[in-house]
Amino acid sequence: MERAVILVGTETGTAEDIADELSEAFSEAGIEAEIHDMEDVEVDVIDPSKALIICTATHGDGELPDNSTEFYEAIEDEGSDLSGVSFAVLVLGDSAYADFCEAGKIWSGFLTGLGATEVVGRYEIDGYPEDDDVEGAREWATEAADKFAELVREG
Ligand SMILES: Cc1cc2nc3c(=O)[nH]c(=O)nc-3n(C[C@H](O)[C@H](O)[C@H](O)COP(=O)(O)O)c2cc1C
(Lines give C-alpha, C1' and ligand atoms only; values in the text may rest on other atoms or scores of the structure.)
Protein backbone atom coordinates (compact mmCIF):
# COMPACT_ATOMS: atom_id res chain seq x y z
CA MET A 1 0.00 0.00 0.00
CA GLU A 2 1.95 3.00 -1.22
CA ARG A 3 -0.82 5.53 -1.01
CA ALA A 4 -3.04 6.79 1.76
CA VAL A 5 -6.12 8.96 2.03
CA ILE A 6 -6.39 11.13 5.12
CA LEU A 7 -9.95 12.33 5.75
CA VAL A 8 -10.31 15.28 8.08
CA GLY A 9 -13.21 15.95 10.42
CA THR A 10 -12.89 19.43 11.89
CA GLU A 11 -14.74 22.56 12.94
CA THR A 12 -11.92 24.90 13.92
CA GLY A 13 -8.96 23.52 11.95
CA THR A 14 -6.87 21.74 14.60
CA ALA A 15 -7.41 18.33 13.01
CA GLU A 16 -6.21 19.78 9.68
CA ASP A 17 -2.87 20.74 11.23
CA ILE A 18 -2.48 17.24 12.64
CA ALA A 19 -3.39 15.74 9.25
CA ASP A 20 -0.43 17.66 7.75
CA GLU A 21 1.86 16.09 10.36
CA LEU A 22 0.50 12.62 9.59
CA SER A 23 1.00 13.17 5.88
CA GLU A 24 4.66 14.11 6.46
CA ALA A 25 5.23 11.06 8.64
CA PHE A 26 3.62 8.79 6.02
CA SER A 27 5.74 10.35 3.31
CA GLU A 28 8.90 9.62 5.34
CA ALA A 29 7.68 6.01 5.63
CA GLY A 30 7.27 5.76 1.83
CA ILE A 31 3.51 6.26 1.65
CA GLU A 32 2.17 9.23 -0.30
CA ALA A 33 -0.90 10.65 1.39
CA GLU A 34 -3.64 12.88 0.03
CA ILE A 35 -5.60 14.97 2.53
CA HIS A 36 -9.29 15.78 2.10
CA ASP A 37 -11.84 17.68 4.14
CA MET A 38 -14.72 15.24 4.73
CA GLU A 39 -17.06 17.89 3.37
CA ASP A 40 -15.43 17.62 -0.06
CA VAL A 41 -15.51 13.86 -0.69
CA GLU A 42 -17.88 11.20 -1.98
CA VAL A 43 -18.05 7.63 -0.71
CA ASP A 44 -15.79 6.41 -3.54
CA VAL A 45 -12.83 8.17 -1.92
CA ILE A 46 -12.63 4.98 0.15
CA ASP A 47 -10.48 2.73 -2.00
CA PRO A 48 -9.20 -0.67 -0.77
CA SER A 49 -5.92 -0.07 -2.60
CA LYS A 50 -5.19 2.93 -0.36
CA ALA A 51 -4.71 3.12 3.41
CA LEU A 52 -7.58 5.08 4.99
CA ILE A 53 -6.82 7.46 7.85
CA ILE A 54 -9.61 9.19 9.73
CA CYS A 55 -8.28 12.31 11.47
CA THR A 56 -11.17 13.82 13.38
CA ALA A 57 -12.09 16.15 16.20
CA THR A 58 -15.06 15.51 18.51
CA HIS A 59 -17.79 18.17 18.77
CA GLY A 60 -21.18 18.72 20.36
CA ASP A 61 -21.81 16.11 23.02
CA GLY A 62 -19.52 13.40 21.73
CA GLU A 63 -20.51 13.89 18.09
CA LEU A 64 -18.83 14.12 14.71
CA PRO A 65 -17.82 17.59 13.52
CA ASP A 66 -20.38 19.27 11.23
CA ASN A 67 -18.19 18.83 8.15
CA SER A 68 -18.37 15.02 8.47
CA THR A 69 -22.01 14.15 8.97
CA GLU A 70 -23.07 14.14 5.31
CA PHE A 71 -20.15 11.89 4.35
CA TYR A 72 -20.91 9.53 7.24
CA GLU A 73 -24.59 9.37 6.27
CA ALA A 74 -23.72 8.77 2.61
CA ILE A 75 -21.66 5.71 3.58
CA GLU A 76 -24.52 4.56 5.78
CA ASP A 77 -27.10 5.09 3.01
CA GLU A 78 -25.06 3.14 0.49
CA GLY A 79 -24.70 0.27 2.96
CA SER A 80 -21.16 -0.03 1.62
CA ASP A 81 -19.23 -3.27 1.99
CA LEU A 82 -15.81 -2.14 3.17
CA SER A 83 -14.17 -5.53 3.48
CA GLY A 84 -10.65 -5.19 2.09
CA VAL A 85 -10.34 -1.63 3.41
CA SER A 86 -7.63 -1.02 6.02
CA PHE A 87 -7.90 2.02 8.25
CA ALA A 88 -6.60 3.83 11.32
CA VAL A 89 -8.16 6.60 13.41
CA LEU A 90 -6.61 9.62 15.09
CA VAL A 91 -9.06 11.55 17.23
CA LEU A 92 -8.90 14.92 18.96
CA GLY A 93 -10.97 15.69 22.00
CA ASP A 94 -10.87 17.17 25.44
CA SER A 95 -11.23 15.16 28.63
CA ALA A 96 -13.20 18.06 30.12
CA TYR A 97 -16.12 16.65 28.09
CA ALA A 98 -18.06 13.59 29.25
CA ASP A 99 -17.80 11.83 25.88
CA PHE A 100 -14.05 12.08 25.49
CA CYS A 101 -12.86 11.45 21.93
CA GLU A 102 -16.19 9.82 21.09
CA ALA A 103 -15.95 10.72 17.38
CA GLY A 104 -13.02 8.32 17.04
CA LYS A 105 -14.99 5.53 18.69
CA ILE A 106 -17.90 6.25 16.33
CA TRP A 107 -15.70 5.93 13.23
CA SER A 108 -13.90 2.80 14.49
CA GLY A 109 -17.16 1.03 15.25
CA PHE A 110 -18.85 2.19 12.06
CA LEU A 111 -16.09 1.18 9.64
CA THR A 112 -15.40 -2.10 11.42
CA GLY A 113 -19.11 -2.87 11.28
CA LEU A 114 -18.99 -2.46 7.49
CA GLY A 115 -16.16 -4.99 7.23
CA ALA A 116 -13.07 -2.74 7.27
CA THR A 117 -10.00 -3.62 9.35
CA GLU A 118 -8.49 -1.22 11.90
CA VAL A 119 -4.75 -1.88 11.69
CA VAL A 120 -3.59 -0.04 14.80
CA GLY A 121 -5.20 1.27 18.00
CA ARG A 122 -6.77 4.74 17.90
CA TYR A 123 -4.52 7.68 18.77
CA GLU A 124 -6.22 10.17 21.08
CA ILE A 125 -5.15 13.77 21.66
CA ASP A 126 -6.50 15.47 24.78
CA GLY A 127 -6.82 19.27 24.43
CA TYR A 128 -4.93 21.54 22.08
CA PRO A 129 -2.00 19.50 20.70
CA GLU A 130 1.32 20.17 22.43
CA ASP A 131 4.70 19.26 20.91
CA ASP A 132 4.67 15.80 22.51
CA ASP A 133 1.18 15.12 21.12
CA VAL A 134 2.39 16.00 17.64
CA GLU A 135 5.49 13.85 18.08
CA GLY A 136 3.32 10.98 19.35
CA ALA A 137 0.98 11.37 16.39
CA ARG A 138 3.89 11.15 13.98
CA GLU A 139 5.20 8.02 15.70
CA TRP A 140 1.71 6.54 15.56
CA ALA A 141 1.56 7.27 11.82
CA THR A 142 4.89 5.51 11.33
CA GLU A 143 3.55 2.47 13.19
CA ALA A 144 0.38 2.53 11.08
CA ALA A 145 2.47 2.80 7.89
CA ASP A 146 4.40 -0.33 8.95
CA LYS A 147 1.14 -2.22 9.47
CA PHE A 148 -0.21 -1.10 6.08
CA ALA A 149 3.05 -2.21 4.42
CA GLU A 150 2.83 -5.57 6.22
CA LEU A 151 -0.65 -6.11 4.81
CA VAL A 152 0.65 -5.51 1.30
CA ARG A 153 3.47 -8.03 1.83
CA GLU A 154 0.95 -10.58 3.09
CA GLY A 155 -1.15 -9.92 -0.02
C1 LIG B 1 -18.34 23.15 21.23
C2 LIG B 1 -17.32 22.08 21.47
C3 LIG B 1 -17.74 20.81 21.81
C4 LIG B 1 -16.80 19.79 22.05
N5 LIG B 1 -17.24 18.54 22.44
C6 LIG B 1 -16.32 17.58 22.73
C7 LIG B 1 -16.74 16.29 23.20
O8 LIG B 1 -17.92 15.99 23.35
N9 LIG B 1 -15.78 15.37 23.47
C10 LIG B 1 -14.44 15.64 23.34
O11 LIG B 1 -13.63 14.76 23.63
N12 LIG B 1 -14.02 16.86 22.90
C13 LIG B 1 -14.91 17.83 22.60
N14 LIG B 1 -14.49 19.06 22.15
C15 LIG B 1 -13.02 19.32 22.03
C16 LIG B 1 -12.55 19.31 20.57
O17 LIG B 1 -12.64 18.01 20.01
C18 LIG B 1 -11.06 19.75 20.54
O19 LIG B 1 -10.99 21.08 20.98
C20 LIG B 1 -10.46 19.62 19.15
O21 LIG B 1 -9.07 19.86 19.26
C22 LIG B 1 -11.07 20.56 18.14
O23 LIG B 1 -10.57 20.23 16.86
P24 LIG B 1 -10.92 21.08 15.54
O25 LIG B 1 -10.25 22.43 15.71
O26 LIG B 1 -10.27 20.29 14.43
O27 LIG B 1 -12.38 21.19 15.38
C28 LIG B 1 -15.41 20.08 21.91
C29 LIG B 1 -15.01 21.38 21.54
C30 LIG B 1 -15.94 22.37 21.32
C31 LIG B 1 -15.45 23.76 20.95
Side-chain angles (χ1 to χ4, degrees), residues 1-78 80 82 85-95 97 99-114 116-145 147-148:
M1 211 165 282
E2 287 161 359
R3 294 173 70 190
V5 175
I6 302 176
L7 300 182
V8 181
T10 184
E11 286 194 10
T12 49
T14 320
E16 264 173 51
D17 296 340
I18 294 295
D20 288 338
E21 299 285 345
L22 297 181
S23 170
E24 270 186 35
F26 275 114
S27 173
E28 283 163 19
I31 295 180
E32 284 316 307
E34 46 188 283
I35 301 176
H36 300 287
D37 186 311
M38 287 201 204
E39 206 157 50
D40 299 332
V41 291
E42 309 283 339
V43 175
D44 63 7
V45 75
I46 301 177
D47 174 346
S49 73
K50 297 179 189 172
L52 173 65
I53 315 297
I54 302 289
C55 178
T56 185
T58 306
H59 278 275
D61 293 323
E63 290 150 40
L64 302 183
D66 286 343
N67 78 324
S68 332
T69 46
E70 271 184 34
F71 177 60
Y72 182 98
E73 283 164 15
I75 301 172
E76 203 168 40
D77 289 348
E78 285 198 13
S80 312
L82 300 185
V85 173
S86 303
F87 74 99
V89 178
L90 181 146
V91 55
L92 296 94
D94 191 321
S95 53
Y97 290 87
D99 297 312
F100 176 57
C101 280
E102 189 68 21
K105 294 176 197 159
I106 292 171
W107 276 111
S108 291
F110 182 53
L111 296 175
T112 303
L114 293 170
T117 303
E118 191 164 19
V119 300
V120 67
R122 272 192 308 280
Y123 191 81
E124 297 180 342
I125 296 180
D126 185 1
Y128 191 79
E130 306 284 346
D131 287 352
D132 57 340
D133 295 309
V134 172
E135 190 49 40
R138 292 180 73 115
E139 284 169 16
W140 173 85
T142 305
E143 189 190 336
K147 298 278 185 192
F148 289 127

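Predicted, not measured: the structure shown is a model, and the values here were computed from it.
Shortest non-hydrogen contact noted between T142 and A25 is OG1-CB, 4.3 Å. Residue E76 comes nearest to F110 through the heavy atom pair N-CZ, 3.8 Å, listed as atom of the first residue, atom of the second, then distance.
A distance-only check finds no donor-acceptor pair linking the side chain of W140 to the backbone of L22 [under 3.5 Å]. Remark: the backbone N or O of D66 is paired with a side-chain donor or acceptor of E11 at under 3.5 angstrom.
Heavy atoms from other residues, nucleotides or ligands lying under 6.0 Å from CD of E70 number 12 at most.
In this structure, Y72 and W107 have perpendicular ring planes: the angle between them is above 60°, well past the 30° mark.
Residues that satisfy the side chain to side chain donor-acceptor pair (under 3.5 Å) test with S108, not counting sequence neighbours, are E118, R122. For L82, the side-chain contact (heavy atoms from CB on, under 4.5 Å) partners at least two apart in sequence or on another chain are I46, S80, V85, L111, L114, A116. Residues satisfying the side-chain contact (heavy atoms from CB on, under 4.5 Å) criterion with A4, sequence neighbours excluded, are I31, A33, A51. Under the salt bridge (charged side-chain N to carboxylate O under 4.0 Å, His left out) criterion, E21 pairs with R138, not counting sequence neighbours. Scanning for side-chain contact (heavy atoms from CB on, under 4.5 Å) contacts around E139 gives E135, with sequence neighbours left out. Judged as a salt bridge (charged side-chain N to carboxylate O under 4.0 Å, His left out), and not counting sequence neighbours, the contacts of E34 are R3, K50.
How far CG of D61 is from OH of Y97: 9.0 Å, rounded to the nearest 0.5 Å. K105 NZ to E124 CD: the interatomic distance, rounded to the nearest 0.5 Å, is 6.0 Å.
Of the candidates T12, L92, T56, T56 is the only one forming a side chain to side chain contact (heavy atoms under 4.5 Å, CB included) with P65. Between M38 and the options T69, V8, I54, T10, a side chain to side chain contact (heavy atoms under 4.5 Å, CB included) holds for only I54.
Within the 4.5 Å cutoff, no side-chain heavy atoms of D133 are placed close to those of Y128.
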